[in-house]
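None of these values were measured; they are calculated from a predicted model. Values reported hereafter were calculated over all heavy atoms of this structure, with side chains retained and with hydrogens, waters and symmetry mates removed.
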Amino acid sequence: MEYIGYFLIAILALVILVKIFAWPLAILIKLIINGVMGAVLLFFINAIGTLFNFSIGINAVTALIAGFFGVPGVIFLIIFKTLL
């Protein structure tokens, strides 16, 4: 009977650990998805933009903006580039 108590405590501890580590993992996955979407959008904008003599340089700053903010970040980069 004593082992059943240990087993239940171990299961509870495991559930708590999974809950604790699942939240940062979800944020990390969201940032990775945003980064991939931003990079793909920058690539397509540069590919299509060559027809209109428009391109956004892919460097550390633009990659961070596109990666962190995703699609809204790329829209910001387009607006920023057209205004300057």
Side-chain angles (χ1 to χ4, degrees):
M1 194 58 142
E2 156 182 341
Y3 292 115
I4 293 174
Y6 291 143
F7 180 73
L8 291 176
I9 290 173
I11 294 293
L12 181 65
L14 184 63
V15 168
I16 290 172
L17 282 174
V18 167
K19 291 281 187 182
I20 288 173
F21 288 117
W23 185 74
L25 186 63
I27 291 174
L28 180 66
I29 290 172
K30 183 178 179 184
L31 285 176
I32 289 171
I33 290 172
N34 273 350
V36 170
M37 290 295 293
V40 168
L41 243 85
L42 281 177
F43 173 76
F44 281 123
I45 287 171
N46 284 335
I48 295 170
T50 57
L51 300 172
F52 304 103
N53 199 19
F54 180 81
S55 68
I56 297 174
I58 299 176
N59 53 34
V61 174
T62 58
L64 283 173
I65 291 172
F68 189 72
F69 294 111
V71 176
V74 174
I75 292 171
F76 168 76
L77 289 173
I78 293 170
I79 292 170
F80 187 74
K81 176 75 175 189
T82 57
L83 292 178
L84 291 179

**side-chain hydrogen bond (donor to acceptor under 3.5 Å, both in side chains) partners for N53, two or more places apart** = none

**Request:** Say whether V71 and L42 are linked into one hydrophobic cluster, either directly or through other cluster members, by side-chain heavy-atom distances under 4.5 angstrom.
**Result:** yes

Expected list for residues 28-38: side-chain donor-acceptor pairs under 3.5 angstrom, two or more places apart:
none

Which atom pairs, one a donor and one an acceptor, fall under 3.5 Å between side chains of residues 58-69 and the rest of the protein, sequence neighbours left out?
from	atom 1	to	atom 2	distance (Å)
N59	OD1	V61	N	3.2
N59	OD1	T62	N	3.0
N59	OD1	T62	OG1	3.1
T62	OG1	G57	O	2.8
T62	OG1	N59	N	2.9
T62	OG1	N59	O	3.3

**Request:** Find the distance between CD1 (I11) and CD1 (I16) and round it off to the nearest 0.5 Å.
**Result:** 12.0 Å

**Message:** For residues 35-56, which residue pairs pass the ring pair (Phe, Tyr, Trp, His ring centres under 6.0 Å) check, not counting sequence neighbours?
**Reply:** none

Which pairs of donor and acceptor atoms, one on a side chain in residues 77-84, lie under 3.5 Å apart (sequence neighbours left out)?
from	atom 1	to	atom 2	distance (Å)
K81	NZ	S55	O	3.4
T82	OG1	I78	O	3.2
T82	OG1	I79	O	2.9

**Asked** Other than I9, which residues form its hydrophobic cluster under the rule that side-chain heavy atoms must be closer than 4.5 Å?
**Response** none

